[in-house]
Amino acid sequence: MANDTPADDLNKQRESAAGVSHFACADGQDDEISLLDLLIVLAERKRLIFWVTAGFAIAAVILALVLPVRYTATVTLLPPQQNSSLGAQLAAQLGSLGGL
């Protein structure tokens, strides 16, 4: 069929490997997918999973070693503001207590 789902593909593989038919619901859809079925598929594909992961890890290490190292820093220094009012001094004191 043109619109097979991954569950249908999994069931077809299981049926062809086991040589038995799979029970389906009344509407033709599978009721559920077992976690064991998913683990079996992952176990069958463990070499592919390992090699794809290893390939991307090696490519990432090579890319990290080949790219040039660049550091950029920008600093903006401002002189402290001179506030002589009592309210501004209290606000500055309360602002320093904000970390507590």
Side-chain angles (χ1 to χ4, degrees):
M1 296 188 135
N3 47 351
D4 284 342
T5 64
D8 293 336
D9 293 338
L10 179 65
N11 288 328
K12 287 177 185 177
Q13 288 176 359
R14 185 176 54 207
E15 287 173 8
S16 65
V20 296
S21 64
H22 179 70
F23 294 105
C25 292
D27 62 353
Q29 296 291 324
D30 289 335
D31 190 24
E32 62 183 36
I33 298 175
S34 167
L35 180 62
L36 182 61
D37 292 336
L38 294 175
L39 291 175
I40 289 171
V41 171
L42 287 175
E44 289 173 352
R45 305 280 196 259
K46 65 184 172 187
R47 284 188 175 171
L48 176 67
I49 294 169
F50 173 77
W51 286 115
V52 168
T53 304
F56 276 102
I58 291 169
V61 168
I62 291 172
L63 184 66
L65 294 174
V66 170
L67 288 177
V69 179
R70 291 186 285 169
Y71 299 101
T72 304
T74 57
V75 176
T76 304
L77 296 175
L78 298 173
Q81 294 179 350
Q82 298 295 331
N83 293 332
S84 60
S85 69
L86 182 61
Q89 289 177 355
L90 287 175
Q93 291 294 326
L94 290 176
S96 65
L97 294 176
L100 299 175

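The structure presented is a predicted model; accordingly, all values stated were derived computationally and were not measured.
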| said: Please evaluate residues Leu42 and Leu38 with respect to the criterion side chain to side chain contact (heavy atoms under 4.5 Å, CB included), reporting the C-alpha separation (whole Å), side-chain torsions for both, the decisive distance (0.1 Å), and the verdict. | reply: CA-CA 6 Å; Leu42 287 175; Leu38 294 175; 5.5 Å; no

| said: Please enumerate all residues that pass side chain to side chain contact (heavy atoms under 4.5 Å, CB included) together with Ile62, with sequence neighbours excluded. | reply: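 With neighbours one apart ignored, the set is Ile58, Val66.
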
| Residues that Leu65 engages under side chain to side chain contact (heavy atoms under 4.5 Å, CB included), provided they are two or more places apart |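 Once residues adjacent in sequence are excluded, the partners of Leu65 under the side chain to side chain contact (heavy atoms under 4.5 Å, CB included) criterion are Val61.
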
| task | Report the distance from atom OG of Ser34 to atom CD1 of Ile40, rounding to the nearest 0.5 Å. | result |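 Here the interatomic distance stands at 7.5 Å.
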
